[in-house]
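Below: the structure, in structure tokens.
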Amino acid sequence: MPDTQITRPLFDQLMVPNYAPLPMIPVRGEGSRVWDQQDNEYLDLTGGIAVNALGHAHPELVKVLTEQAQKLWHVSNIYTNEPALQLAQKLVDHTFAEKVFFANSGAEANEAALKLARRYAQDNYSKDKTEIIAFNQGFHGRTFFTVTAGGQKSYSDGFGPKPADITHLEYNDLAALEAAISDKTCAVILEPLQGEGGVLPICNQFAIAVRALCNKHNAIMIFDEVQTGMGRTGHLFAYMGLDIVPDIVTSAKALGAGFPIAAMLTTTKLASCLTVGTHGTTFGGNPLACAVAGKAFDLINTPEMLAAVKQKEILFRELLTHINDQFSVFKEVRGAGLLLGAVLNEKYQGRAKDFLLASAEQGLLVLVAGADVIRFAPALNISDNEIKAAMLKFKVAVRQVVESA
Ligand SMILES: Cc1ncc(COP(=O)(O)O)c(C=O)c1O
């Protein structure tokens, strides 16, 4: 058989058409740089959608991955393993959590959280305590339960009957929450900063009110930190920058810094309802993923790394403001740490993708969050010089879009 030519059209031939990848195919990365098949170089401000917190091919992660690969990849949950327990210990030592459940993706961590909430309410209160409150524009993954909890009907419609008893409210709308929550509510699930929904931060007063209302109605407060966790906002977890402690925090994306792993963090009291056999996953907590995540945790959870994220946010905002002073394209720049969104003004509504494509032409990879927001989620260890170089490219891209208007 002749060697298959690996090109972008092959994607359309072979792959289920649920994605529409860009024309170039990345083949290698180093830090915040990526190269495609033709050896074109790109500066990467996407971080694999807030995943590659330490950039591409970080030498210490490569080392721990290859060392673990020589030893033990997978044993199943019939056994525990050393890297899983080491990682769980770190998560427990450095967060509110007392218990950890490992999974493979953000959706699975949230699925576990939602199932736990339902189970806990059934076991401890009543069979009717099943309502889950979630928020418009929220995103929690693509399993049927999590996508239904997510706040975009277009993602959950068209698959037949949905998991029941999920109420959607306006994010940051305290009056709506006060009116909706009741003793039938078993959980409130929300992101501390809506990433996919447009890089929209929570208001601290709202977070405090959610906490108080959950306490009042014996509902579990689930913070989905899949995108915001592991240093992204300049805190190890974003809840640490707010005046609340949730009952469950979910983590994925940057937890493995590019290797798939997720975690649900909770208390001993809540965890007690997931007894043997109530929930599980084949690959969750496998030694390979946990070894990488353990090293990533050590590298991210330092005062220097977290402080640098906040410094880099300032630099980003300054440079984006300069660009906006010149071209008047953004209404605001919002977000926290290295999860930032440049929100397009009226004139450029719906055109975020044009900015993404123009950036790619300049050798710069950026993200969008909906049609009106250009999103940046680079590696946390991106250098100041790389940020400056990226913003020079971005400026050219912005000029191109403005001049084509
Ligand atoms: C806040 C949030 N929750 C959950 C998910 C789903 O994670 P995964 O794609 O790993 O299932 C995402 C992914 O973008 C996310 O941003």
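Both counts, for ligands and for their atoms, begin at 1 and track the order of listing. All of these numbers come straight from a predicted model, not from anything done at the bench.
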Exercise. Any idea which protein heavy atom is nearest atom 16 (O) of ligand 1, and the distance to it?
Worked result: Gln227 NE2, 2.7 Å
Exercise. Which residue holds the protein heavy atom closest to atom 2 (C) of ligand 1, what is that atom called, and what is the gap in Å?
Worked result: Phe139 O, 3.3 Å
Seminar exercise, completed: ligand 1 to Val226, heavy atom cutoff 4.0 Å, flagged ligand atoms 2 (C), 3 (N), 4 (C), 5 (C), 7 (O), 12 (C), 15 (C)
Problem set entry | Distance-minimising heavy-atom pair for Lys99 and Val92 | N-CG2, 4.3 Å
Seminar exercise, completed: Looking only at protein heavy atoms, what sits closest to atom 6 (C) of ligand 1 is Gly141 CA, 3.6 Å
Exercise. Which one holds for Glu225 and ligand 1: side chain close, backbone close, both close, or neither close, with close meaning a heavy atom under 4.0 Å?
Worked result: neither
For this session: Indicate whether atom 9 (O) of ligand 1 is within a distance of less than 4.0 angstrom of some protein heavy atom.
Result: no
Exercise. How does Ala252 reach ligand 1, by side chain, by backbone, by both or by neither, if only non-hydrogen atoms under 4.0 Å count?
Worked result: neither
Problem set entry | Between CG on residue Leu255 and CG on residue Leu87, distance to nearest 0.5 Å | 6.0 Å
Exercise. Does atom NZ of Lys162 have more than 12 heavy-atom neighbours from other groups under 6.0 Å away?
Worked result: yes
For this session: Number the atoms of ligand 1 from 1 as they appear, then name those within less than 4.0 Å of a heavy atom of Ala107, with their elements.
Result: 6 (C), 7 (O), 8 (P), 11 (O)
Exercise. Looking only at heavy atoms of Glu108, does any of them come nearer than 4.0 Å to an atom of ligand 1?
Worked result: no
Exercise. Which bit of Asn110 is near ligand 1, meaning a heavy atom under 4.0 Å away: side chain, backbone, both or neither?
Worked result: side chain
For this session: Determine whether Val62 and Leu65 make a side-chain contact, defined as any pair of heavy atoms from C-beta on separated by less than 4.5 Å.
Result: no
Problem set entry | Which of the ligand 1 atoms, numbered from 1, are nearer than 4.0 Å to a heavy atom of Ser105 | 10 (O), 11 (O)
Problem set entry | Interfacing atoms of ligand 1 (cut-off 4.0 Å, heavy-atom, Glu191) | 1 (C)
Exercise. Which residue pairs satisfy the side chain to side chain donor-acceptor pair (under 3.5 Å) criterion with at least one member in residues 74-95, sequence neighbours excluded?
Worked result: Gln89-Asp93, Lys90-Asp298, His94-Asn301
Exercise. For Asn110, which of Thr250, Thr146, Thr143 qualifies under side-chain hydrogen bond (donor to acceptor under 3.5 Å, both in side chains)?
Worked result: Thr250
Problem set entry | ring-ring contact (aromatic ring centres under 6.0 Å, His included), paired with Phe394, selected from Phe327, Phe316, Phe376 | Phe376
Problem set entry | Intermediate values then yes/no, ring-ring contact (aromatic ring centres under 6.0 Å, His included), Phe96 and Tyr239 | CA-CA 10 Å; Phe96 77 99; Tyr239 83 82; 5.7 Å; yes
For this session: Return the minimal non-hydrogen interatomic distance between Val199 and Leu340, and the atom names on each side.
Result: CG1-C, 3.8 Å
Exercise. With a 4.5 Å heavy-atom cut-off, do Asn52 and His56 have their side chains touching?
Worked result: yes
For this session: May I ask you to identify the nearest protein heavy atom to atom 13 (C) of ligand 1, giving residue, atom name and distance to one decimal place in Å?
Result: Lys253 CE, 3.3 Å
Exercise. Has ligand 1 got any nitrogen or oxygen that is less than 3.5 angstrom from a nitrogen or oxygen of Gly106?
Worked result: yes
Seminar exercise, completed: Near Asp224 (heavy-atom distance under 4.0 Å), the atoms of ligand 1 are 1 (C), 2 (C), 3 (N), 4 (C)
